[in-house]
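Below is one structure, written out as structure tokens; comments come after it.
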Amino acid sequence: MKNINLYRLITGELIIAEEVIKYAESYVLKNAVKIIIIPDRVNPKNPQVGLAPWNEFSKDVEVEVFKQHVLTRTTPISEFVEQYNIMFGNIIVPPAGRIVLPS
């Protein structure tokens, strides 16, 4: 089972990531993405929530974040975990027109 958490950083960013290792002074996070609010042009009172790359200029999948830069570490709501798992899950899509049966 993945250890998925929300991290509010001192920069104000809210990220969701899989916590791989917890050290005394830092966390090693895998597949970190930031949560962004997207205004709805039709109904401004109904904003949308999206996930965007957090460390977009790095090729590293894992990143060490020092605890001194984290304001809070909380458990995300199930909808965020489901969306995160869709983004980073190992879902295998069969080729079109073929039926794949379990062995």
Side-chain angles (χ1 to χ4, degrees):
M1 182 86 182
K2 293 180 181 179
N3 187 14
I4 312 285
N5 292 304
L6 287 172
Y7 302 85
R8 173 74 66 181
L9 304 180
I10 60 174
T11 59
E13 295 170 299
L14 182 61
I15 61 173
I16 184 170
E18 178 183 354
E19 186 177 298
V20 180
I21 302 170
K22 180 178 169 182
Y23 292 117
E25 307 233 349
S26 65
Y27 303 105
V28 175
L29 306 179
K30 181 178 180 182
N31 296 326
V33 292
K34 60 186 167 185
I35 297 172
I36 57 172
I37 305 297
I38 305 166
D40 188 331
R41 293 181 186 190
V42 176
N43 185 358
K45 293 183 180 182
N46 189 27
Q48 302 296 312
V49 177
L51 301 177
W54 176 62
N55 202 16
E56 62 265 25
F57 301 112
S58 174
K59 63 180 180 178
D60 297 334
V61 174
E62 294 182 1
V63 62
E64 186 173 10
V65 175
F66 292 93
K67 290 181 178 179
Q68 66 192 26
H69 300 286
V70 177
L71 293 174
T72 60
R73 176 178 159 262
T74 57
T75 305
I77 60 175
S78 60
E79 292 85 357
F80 280 173
V81 174
E82 289 172 16
Q83 187 64 36
Y84 181 87
N85 285 329
I86 289 170
M87 286 180 73
F88 297 107
N90 294 325
I91 299 172
I92 300 170
V93 180
R98 295 185 59 186
I99 297 174
V100 177
L101 300 174
S103 40

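Everything numeric here is computed off the predicted structure, so don't read it as measured data. Values reported hereafter were calculated over all heavy atoms of this structure, with side chains retained and with hydrogens, waters and symmetry mates removed.
Using a 4.5 Å cut-off between side-chain heavy atoms of Ile, Leu, Val, Met, Phe, Trp and Tyr, I10 falls into a hydrophobic cluster with L71. Counting Ile, Leu, Val, Met, Phe, Trp and Tyr side chains that sit under 4.5 Å apart, directly or through other members, I38 shares a hydrophobic cluster with I36.
Atoms CG and CG, on D60 and N55 in that order, are 7.0 Å from each other to the nearest 0.5 Å.
Partners of I16 by side chain to side chain contact (heavy atoms under 4.5 Å, CB included), not counting sequence neighbours, listed by chain and number: I4, L6, V33, I35, L51, P76, F80, Y84. Legend: residues meeting side-chain hydrogen bond (donor to acceptor under 3.5 Å, both in side chains) with N5, ordered by chain and number and at least two apart, are N3, Y7, E19. Residues satisfying the side chain to side chain contact (heavy atoms under 4.5 Å, CB included) test with S78, not counting sequence neighbours, are E82.
Sorted by first then second residue, the side chain to side chain donor-acceptor pair (under 3.5 Å) pairs that include residues 21-34, not counting sequence neighbours, are S26-E64. Sorted by first and then second residue, the ring-ring contact (aromatic ring centres under 6.0 Å, His included) pairs involving residues 29-60 (not counting sequence neighbours) form an empty list. Residue pairs meeting the side chain to side chain donor-acceptor pair (under 3.5 Å) criterion with at least one partner in residues 38-50, sequence neighbours excluded, are absent.
Note on I37 and L14: same hydrophobic cluster, where clusters join Ile, Leu, Val, Met, Phe, Trp and Tyr whose side-chain heavy atoms are under 4.5 Å apart, directly or indirectly.
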Start with the C-alpha distance between V49 and E79, add both sets of side-chain angles, then the distance that settles side chain to side chain contact (heavy atoms under 4.5 Å, CB included), and finish with yes or no. CA-CA 11 Å; V49 177; E79 292 85 357; over 6 Å; no
